[in-house]
There are 2 protein chains.
Amino acid sequence: MTESRVTEPRHPENTLAGTGATEAGDNPLLLANQICFALYSATHAMTKAYRPLLDDLGVTYPQYLVLLLLWERDGRSVKELGEHLSLDSGTLTPLLKRLEGQGLVSRSRDRADERSVLIHLTVQGKALHDKAECLPARITEASGCSTADLAGLRDQILRLRNDLTAALRKT
Amino acid sequence: MTESRVTEPRHPENTLAGTGATEAGDNPLLLANQICFALYSATHAMTKAYRPLLDDLGVTYPQYLVLLLLWERDGRSVKELGEHLSLDSGTLTPLLKRLEGQGLVSRSRDRADERSVLIHLTVQGKALHDKAECLPARITEASGCSTADLAGLRDQILRLRNDLTAALRKT
DNA sequence: AGATAATTTATTGCCTACGATTTGATTGTG
DNA sequence: CACAATCAAATCGTAGGCAATAAATTATCT
């Protein structure tokens with residue numbers, strides 16, 4: 001690597017710097033101007049930040065989200081997990097089977113309603129809770145933001161999500 | 001639908017309402033408290049909002065992002081597209097082949113550097129730009145927010161992404 | 001009660017996403 | 001010139017994600 005300095009930015013920053021508010025700042029079709037892309041790429045960055053931490057736990061990011069719910073309250077149905085995560089059974093069923101294969105959860109029919117499948121943490125699944133406790137702090141640290149700032153941003157993002165979901169329901 | 005009223009909330013809102021700032025508001029492992037989940041679910045809601053609009057164009061969401069980049073500047077390499085979208089060739093190659101199969105782009109080796117594959121819009125690919133022009137406005141409308149609010153939120157999210165990416169680079 | 005309609009649940013098939021490896025082209029060095 | 005190192009795409013295996021479909025339960029009607 002002799003002169004890889006001025007070649008090209010490794011990762012185009014998509015900041016609004018440059019151009020001094022020419023036409024570019026107004027063009028709604030510009031990738032950098034779209035909030036959908038901001039969410040899309042921030043989610044990817046977040047997933048990447050979590051990956052090495054989750055590798056230690058031996059689970060993927062969506063699997064971690066399921067475990068978070070079960071640590072809050074055990075013995076939920078597939079349906080209920082799907083409502084909280086906005087995922088349907090087509091996504092959850094294979095995911096839960098993998099968690100079952102790792103010995104972290106058990107899947108069993110609800111005897112009161114044979115249509116439902118109930119998910120319970122195993123002893124190992126419960127034990128993983130302790131190892132996961134530090135993750136949010138690690139991510140907050142990596143973000144370089146205060147917890148208050150992150151909480152504010154989180155609430156704005158959730159509000160946007162709720163508005164979008166509500167608008168979709170009306171359609 | 002006789003008495004399906006008080007059964008259960010259709011979509012748990014993950015707002016911070018309830019509990020009146022008991023222990024729950026502080027527990028960093030609570031799903032609702034995690035900004036990663038806010039991003040994750042907002043991205044999904046956004047994708048869902050775009051889907052019917054993109055169905056009219058006949059493309060998926062990531063395909064749309066690629067087209068946005070090409071509409072800004074045509075004839076980019078796979079590598080360059082991947083840098084902007086944080087995607088590698090393993091994702092882009094099949095995606096671009098599908099776009100090629102739909103007659104929206106062409107793929108050809110760069111004659112100056114045969115390692116690179118250049119992606120060019122076809123006539124139809126360029127024509128699609130006009131039909132896509134209205135999409136961002138439709139989404140803004142659905143979000144119920146002002147463009148200024150959305151721009152502010154977008155910049156905060158991009159800042160978070162940049163901080164996370166920078167932190168990852170150091171590791 | 002028995003038959004049919006409506007709702008809900010879980011499973012299939014296709015696309016996106018990523019890590020790891022492979023192949024071919026280019027650049028750097030002795 | 002030859003060799004090694006580097007780089008870009010493509011390929012393969014695994015996993016997440018969603019639309020459409022199939023299976024099962026519940027509700028309704030005669």
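So you know, we letter chains A, B, ... as the sequences are listed, proteins then strands, and number each from 1. Excluded from the calculations below are hydrogen atoms, water molecules and symmetry mates; all remaining heavy atoms, backbone and side chain alike, are included.
- The separation between A:Leu54 atom CG and C:dG19 atom C1' is 16 Å, rounded to whole Å.
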Would you tabulate the side-chain donor-acceptor contacts of residues 137-144 of chain A under 3.5 Å, counting partners in other chains and residues two or more places apart, or write 'none'?
from     : atom 1 : to       : atom 2 : distance (Å)
A:Thr140 : OG1    : A:Pro136 : O      : 2.9
A:Ser143 : OG     : A:Thr140 : O      : 2.7
A:Ser143 : OG     : A:Cys145 : N      : 3.2

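- The CG atom of B:Leu160 sits 7.0 Å away from atom CD1 of A:Ile157, with the distance rounded to the nearest 0.5 Å.
- In this structure, B:Ser77 reaches the sugar-phosphate backbone alone: every heavy-atom distance under 4.0 Å involves primed, P, OP1 or OP2 atoms, never a base.
- The side chain to side chain contact (heavy atoms under 4.5 Å, CB included) test applied to A:Gln156 returns A:Arg159, B:Leu153, B:Gln156, not counting sequence neighbours.
- Put simply, CD1 on B:Ile119 is 8 Å from P on D:dA9, counting in whole angstrom units.
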Taking N or O atoms only and anything under 3.5 Å, show me the protein contacts with nucleotides 15-19 of chain D, one pair per line.
from   : atom 1 : to      : atom 2 : distance (Å)
D:dG16 : OP1    : A:Thr60 : OG1    : 2.8
D:dG16 : OP1    : A:Gln63 : NE2    : 3.1
D:dG16 : OP2    : A:Arg98 : NE     : 2.7
D:dG16 : OP2    : A:Arg98 : NH2    : 2.1
D:dG17 : OP1    : B:Tyr40 : OH     : 2.8
D:dG17 : OP2    : B:Tyr40 : OH     : 2.6
D:dC18 : N4     : A:Gly90 : O      : 3.3
D:dA19 : OP1    : B:Arg51 : NE     : 2.8

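- When rounded to the nearest whole Å, the span between NZ of B:Lys97 and C1' of C:dC14 equals 17 Å.
- The base of D:dA10 sits with one of its N or O atoms less than 3.5 Å from a complementary donor or acceptor on the side chain of B:Ser89.
- Evaluation of the salt bridge (charged side-chain N to carboxylate O under 4.0 Å, His left out) rule for B:Asp113 yields B:Arg115 as partners, not counting sequence neighbours.
- Using cut-offs of 30° and 60° for the angle between ring planes, the B:Tyr64 and B:Tyr61 rings count as tilted.
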Test salt bridge (Lys or Arg N to Asp or Glu O under 4.0 Å) on B:Glu100 and B:Arg107 and set out the steps.
CA-CA 7 Å; B:Glu100 185 184 35; B:Arg107 307 181 325 123; 3.2 Å; yes
Scoring nucleotides 21-26 of chain D by protein non-hydrogen atoms under 4.0 Å (B base, S sugar-phosphate only, - none) yields ----SS
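- B:Leu65 has its CG atom 18 Å from the P atom of C:dC15, to the nearest Å.
- Regarding B:Arg109, its CZ atom lies at a distance of 12 Å from the C1' atom of D:dC7, rounded to whole Å.
- The only member of B:Leu95, B:Ile119, B:Thr60 that meets side-chain contact (heavy atoms from CB on, under 4.5 Å) when paired with B:Val66 is B:Leu95.
- Listed by first and then second residue, the ring pair (Phe, Tyr, Trp, His ring centres under 6.0 Å) pairs that reach into residues 88-129 of chain B are B:Trp71-B:His129, sequence neighbours excluded.
- In this structure, CZ on B:Phe37 lies 5.5 Å from CG on A:Leu85, to the nearest 0.5 angstrom.
- Look at CG on B:Leu96: it is 8 Å from P on D:dA10, rounded to the nearest Å.
- If you take CG of B:Leu85 and P of C:dT16, they are 13 Å apart, rounded to a whole angstrom.
- A straight line from CZ of A:Arg76 to P of C:dT9 spans 16 Å, rounded to a whole angstrom.
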